[in-house]
> 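Below is the structure I would like to discuss, written out as structure tokens.
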Number of protein chains: 2
Amino acid sequence: MLETFAALAEPNRLRIVELLRDGPKSVGDIGETLTLNQPQVSKHLRVLKDAGLVDVESRAQQRLYALRGAQLRAIDRWLDGYRALWDARMEQLGDLLAELGENDPPKTTSKSAKPKRPSKPKKRAR
Amino acid sequence: MLETFAALAEPNRLRIVELLRDGPKSVGDIGETLTLNQPQVSKHLRVLKDAGLVDVESRAQQRLYALRGAQLRAIDRWLDGYRALWDARMEQLGDLLAELGENDPPKTTSKSAKPKRPSKPKKRAR
DNA sequence: CGGGTATATGTCTAGCGCGGCATATACAGG
DNA sequence: CCTGTATATGCCGCGCTAGACATATACCCG
């Protein structure tokens with residue numbers, strides 16, 4: 001999880017991941033597309049591979065790097081514990097809090113909130 | 001997106017986020033629970049706030065930090081572009097590509113693939 | 001097996017970020 | 001107002017890492 005986030009936290013690495021979304025690419029292709037020097041591309045790919053985000057396959061002298069779903073799926077799983085934060089019910093609460101914040105600068109000692117506007121139901125979550 | 005990943009890529013910050021999953025906490029509480037010095041907690045919270053991951057609310061002299069769903073939801077949205085990687089149908093494709101890769105070296109500019117093996121459907125995704 | 005191509009690895013430098021410490025700010029209570 | 005509490009901010013040192021460059025390795029071909 002942490003390693004995955006760390007790997008994706010680097011701009012060029014994220015670009016590589018997004019590039020590989022369309023399918024496997026060679027190191028050279030990646031470097032050319034993203035305008036990166038070859039060594040840099042190799043190093044970033046190394047990190048991504050160590051993080052389990054990509055997979056290599058040798059084809060003659062070039063290496064084809066492909067995106068691997070596992071780690072991304074792991075993120076998705078991790079998010080499962082937080083989906084309630086933006087699920088329908090929670091969104092109402094969010095709106096409510098936002099309104100209270102704008103109109104009525106809440107005293108530090110927050111009291112219970114009295115829903116005034118029915119608040120239109122959002123469409124969907126996820 | 002990048003900023004979000006960067007924020008979550010730090011161990012203590014991730015711990016803070018996971019801690020806040022159970023509800024808002026004060027700076028002191030966080031520091032005590034995670035055994036971190038107060039300044040460090042404040043700084044991490046600053047980063048999380050700048051990244052839009054948390055929200056502050058003043059209560060007297062303490063500040064209650066609460067998790068905000070928006071950015072996490074953004075990650076979820078970002079993942080949408082990759083779910084195919086671990087969705088059942090895609091797994092077949094993965095196998096297929098692997099086979100093709102072994103037998104017939106595709107040029108880096110990949111062309112359309114011709115399904116050969118029926119490949120059994122996986123169970124579920126997400 | 002020599003040369004060319006594709007990629008990996010090593011080295012070095014500069015910059016960023018975390019942690020520790022000291023200090024500033026905000027707020028409540030007497 | 002003054003003191004204590006809760007949190008933020010400033011400064012410093014150090015470790016990590018991205019980037020540039022040079023070089024090593026792997027592989028193909030003639």
Side-chain angles (χ1 to χ4, degrees), chain A residues 2-20 24-51 53-66 105-111, chain B residues 2-20 24-51 53-67 101-110:
Chain A
L2 242 172
E3 194 180 7
T4 307
F5 283 141
L8 296 174
E10 211 284 327
N12 289 322
R13 233 134 50 198
L14 187 59
R15 289 172 68 202
I16 292 178
V17 166
E18 287 170 340
L19 183 64
L20 290 182
K25 292 252 185 191
S26 75
V27 177
D29 280 4
I30 296 173
E32 190 180 352
T33 305
L34 303 184
T35 334
L36 297 172
N37 318 24
Q38 175 267 316
Q40 231 36 24
V41 177
S42 286
K43 286 178 190 173
H44 282 311
L45 286 170
R46 176 89 130 95
V47 176
L48 291 173
K49 187 182 141 221
D50 288 349
L53 278 164
V54 300
D55 213 4
V56 211
E57 189 183 343
S58 300
R59 151 130 35 243
Q61 51 219 287
Q62 42 183 354
R63 313 284 161 94
L64 293 190
Y65 283 84
K107 291 261 62 89
T108 69
T109 52
S110 67
K111 298 148 170 47
Chain B
L2 241 171
E3 195 180 6
T4 307
F5 283 140
L8 296 174
E10 211 283 327
N12 289 322
R13 233 133 51 196
L14 187 59
R15 290 172 67 203
I16 292 179
V17 167
E18 287 169 343
L19 182 64
L20 290 183
K25 293 250 185 192
S26 74
V27 178
D29 280 3
I30 296 173
E32 190 181 351
T33 305
L34 304 184
T35 334
L36 297 172
N37 319 21
Q38 175 267 316
Q40 225 46 24
V41 177
S42 285
K43 287 178 192 174
H44 283 310
L45 286 170
R46 175 88 128 96
V47 176
L48 291 173
K49 185 181 143 226
D50 287 349
L53 278 164
V54 300
D55 214 4
V56 212
E57 189 184 344
S58 301
R59 145 129 54 208
Q61 53 220 287
Q62 43 183 355
R63 311 286 161 95
L64 293 191
Y65 282 84
L67 205 49
E102 288 161 12
N103 312 344
D104 170 62
K107 291 256 64 78
T108 70
T109 53
S110 66

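Chain naming here is simple, since letters A, B, ... match the order of the sequence lines and numbering starts at 1 in each.
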> With side chain to side chain contact (heavy atoms under 4.5 Å, CB included) as the criterion, how do I30(B) and L45(B) come out once you've worked through the C-alpha distance, each side chain's angles and the decisive distance to 0.1 Å?
CA-CA 10 Å; I30(B) 296 173; L45(B) 286 170; 4.1 Å; yes
> Rounded to whole Å, how long is the line connecting atom CG of L48(B) with atom P of dG17(C)?
14 Å
> Is a donor-acceptor contact shorter than 3.5 angstrom present between the side chain of Q38(B) and the base of dA6(D)?
no
> How many Å lie between CG on N37(A) and P on dT9(C), as a whole number?
17 Å
> Please determine whether any donor N or O and acceptor N or O are separated by less than 3.5 Å between the side chain of K49(A) and the base of dT7(C).
no
> If I take atom CZ in residue R59(B) and atom P in nucleotide dT7(D), what distance separates them, rounded to the nearest angstrom?
11 Å
> Please determine if a side-chain N or O atom of N12(B) lies less than 4.0 Å away from the OP1 or OP2 oxygen of dG19(C).
yes
> Rounded to whole angstrom units, what separation is found between the CD atom of E57(B) and the P atom of dT7(D)?
13 Å
> Would one find a side-chain N or O of R13(A) under 4.0 angstrom from OP1 or OP2 of dA18(D)?
yes
> Could you tell me how far apart R46(B) (CZ) and dA6(D) (C1') are, to the nearest whole angstrom?
17 Å
> Can you check whether H44(B) has a side-chain N or O nearer than 4.0 Å to OP1 or OP2 of dG17(C)?
no
> Do any side-chain nitrogens or oxygens of Y65(A) fall under 4.0 Å of OP1 or OP2 in dA6(C)?
no
> Between R63(A) (side chain only) and V56(A) (backbone N and O only), is there a donor and an acceptor less than 3.5 Å apart?
no
> Working to the nearest 0.5 Å, report the span between CG of L36(A) and NE2 of H44(A).
6.5 Å
> On DNA chain D, does the nearest nucleotide to L64(B) precede the nearest nucleotide to A60(A) from the 5' side, or the other way round? Give the residue.
L64(B)
> Would the base of dG17(C) count as contacting K43(B) through its side chain, where contact means a donor and an acceptor less than 3.5 Å apart?
no
> What is the separation between atom CZ on R63(A) and atom P on dT9(C), rounded to the nearest whole Å?
9 Å
> Look at the side-chain N and O atoms of Q61(A) and state whether any lies under 4.0 Å from the OP1 or OP2 oxygen of dT5(C).
no
> Within the 4.0 Å heavy-atom criterion, would you say S26(B) contacts the bases, only the backbone, or no part of the nucleic acid?
sugar-phosphate
